[in-house]
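Note: hydrogens, waters and symmetry copies are ignored here, and every other heavy atom, side chains too, is used. A quick note: this is a predicted structure, and the numbers were derived from the prediction, not measured. Ligands are counted one by one from 1 in listed order, and the atoms in each one are counted from 1 as well.
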Amino acid sequence: MQLKGKRVLITGGTRGIGRCIVQEMIDGGVTHLAIIARDKKSLKELSETYPEVKFMRISGDVANIDVLREAAARIEDKWGYLDILINNAGIVSAGPLEELPDEEIYDQVAVNQTAILLLTKYCVPLLKSSEEGAILNISSGLGLIGMPFYAVYGSTKAAVKQFSDSIRRELAPYNVSVTCSFPTATATDMMQKFDGMEMDSPEFVAKRSIEGLLNKELHVIFGGEQRIKDSEVNFMEPKKFDAKVAESYEDFKASSEGHKAL
Ligand SMILES: NC(=O)c1ccc[n+]([C@@H]2O[C@H](COP(=O)([O-])OP(=O)(O)OC[C@H]3O[C@@H](n4cnc5c(N)ncnc54)[C@H](OP(=O)(O)O)[C@@H]3O)[C@@H](O)[C@H]2O)c1
């Protein structure tokens, strides 16, 4: 698959990994980009940065069903089809489950999971109308391995993986590919709390995820060979992984404290 001339919709394209994906798209020759994000000002600034690109700015919360319906309706009206859907917007609120505010549990499920199901649902007819459709879902390493104090975030991200596998098989007869990306710690606003820690750059995560999308890779896993080995141990011998986590329980607890990006 080539990027040139493709019509693309991305959620959360104004900051972090999404912003770098937008750069990758434009560098690859995309000239029609629809972007959903809450902050109107950053959407406007983004479109002013690239006067040569036709932006469809959709300001709103992906947790709002009307915003998602409007996005699909505007794309149908203006373009008539969609080539690439990128479900990237995400939020996090970590900590012991019993201490998480109920609203932050609901919001993480709404933004990280329900919005992806609904937006994809609304975009499927548009993707089927493309000559070669593709979906990129941004999950997380925490969607592969469930870690303490990230029970809510991790479960939404595991759902993204399962959804990606299911919908890929469902859409296979329609020439719509589905790639799921699993970043580990990446230096964005979401990880501001961990400033100074060694992390992947959002540019690298964006580049590799888009490469995966273009090559129709099913999964793009970050964190090297070790992450893949850990996932295998976690799946095949979960008690072994439990013991490993138990050794550093207090460290995991302390590091999750105050990790919020909502
Ligand atoms: N950073 C990491 O270490 C890491 C690791 C693994 C996975 N991920 C995943 O990668 C994706 C991108 O993360 P990031 O680190 O790039 O995040 P980020 O820097 O916090 O940027 C989030 C982007 O999503 C938008 N957004 C957030 N909530 C939204 C909502 N309710 N409705 C519409 N747009 C919303 C934001 O714009 P507005 O605020 O204007 O809405 C922004 O453009 C997320 O799904 C995240 O879970 C990140």
Side-chain angles (χ1 to χ4, degrees), residues 9-24 33-47 55 57-68 70-71 85-94 103-104 106-116 118-119 136-145 147 150 152-161 163-164 179-210 212 219-223 227 255-256 259-262:
L9 166 62
I10 179 169
T11 64
T14 51
R15 290 188 280 118
I17 296 168
R19 175 69 183 78
C20 295
I21 289 177
V22 165
Q23 185 68 56
E24 281 292 311
L33 257 168
I35 305 191
I36 310 179
R38 292 165 298 182
D39 183 41
K40 272 191 179 153
K41 198 164 149 258
S42 45
L43 278 169
K44 186 163 180 280
E45 277 168 11
L46 186 64
S47 61
F55 281 99
R57 291 186 256 153
I58 303 157
S59 56
D61 193 325
V62 292
N64 179 346
I65 193 166
D66 292 332
V67 170
L68 306 178
E70 185 207 320
L85 166 65
I86 302 175
N87 286 306
N88 162 75
I91 57 174
V92 65
S93 173
E103 296 72 24
E104 293 179 9
Y106 262 96
D107 288 350
Q108 287 181 86
V109 176
V111 172
N112 297 355
Q113 183 180 351
T114 314
I116 295 186
L118 288 170
L119 186 61
L136 171 64
N137 292 327
I138 309 292
S139 174
S140 164
L142 294 172
L144 286 174
I145 304 178
M147 295 301 279
Y150 287 87
V152 177
Y153 178 80
S155 62
T156 65
K157 292 299 185 177
V160 172
K161 179 199 178 290
F163 174 61
S164 302
T179 297
C180 189
S181 175
F182 301 86
T184 49
T186 308
T188 67
D189 292 349
M190 184 178 265
M191 296 295 279
Q192 228 164 25
K193 174 187 147 50
F194 302 98
D195 207 19
M197 192 174 108
E198 204 182 308
M199 294 189 238
D200 282 335
S201 72
E203 289 83 4
F204 168 69
V205 173
K207 201 177 231 347
R208 187 56 204 103
S209 299
I210 294 306
H219 298 149
V220 178
I221 298 174
F222 293 85
R227 169 64 51 162
S255 96
S256 73
H259 185 198
K260 270 189 214 296
L262 292 159

**Study point:** Any N/O pair Ile17/ligand 1 closer than 3.5 Å
**Key:** yes
Starting from [atom], which protein heavy atom do you reach first, and at what distance in Å?
| atom | result |
| --- | --- |
| atom 20 (O) of ligand 1 | Arg15 NH1, 3.5 Å |
| atom 10 (O) of ligand 1 | Ile138 CG2, 3.3 Å |
| atom 14 (P) of ligand 1 | Thr188 OG1, 3.6 Å |
| atom 5 (C) of ligand 1 | Thr184 O, 3.3 Å |

- Query: If you draw a 6.0 Å radius around NZ in Lys260, do more than 12 non-hydrogen atoms from other residues or ligands fall strictly inside?
  - Reply: yes
Value for NZ (Lys157) from CD (Gln108), rounded to nearest 0.5 Å, stands at 10.0 Å
Check if Gly60 has a non-hydrogen atom at a distance under 4.0 Å from any atom of ligand 1.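 Heavy atoms of Gly60 do come under 4.0 Å of ligand 1.
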| message | Using a 4.0 Å heavy-atom cut-off, which part of Met190 comes near ligand 1: side chain, backbone, both, or neither? | response |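 The part of Met190 near ligand 1 is both the backbone and the side chain.
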Logged contact type for Tyr153 with ligand 1, heavy-atom cut-off 4.0 Å, is side chain
For [X], take its heavy atoms, then give the atoms of ligand 1 lying under 4.0 Å from any of them.
| X | answer |
| --- | --- |
| Asp61 | 30 (C), 31 (N), 32 (N) |
| Asn88 | 11 (C), 12 (C), 44 (C), 45 (O) |
| Gly12 | 23 (C), 24 (O), 25 (C), 43 (O) |

Q) Going by atom types only, do Arg15 and Ser42 share a side-chain donor-acceptor pair under 3.5 Å? A) no
Glu203 meets the salt bridge (charged side-chain N to carboxylate O under 4.0 Å, His left out) criterion, sequence neighbours left out, with none
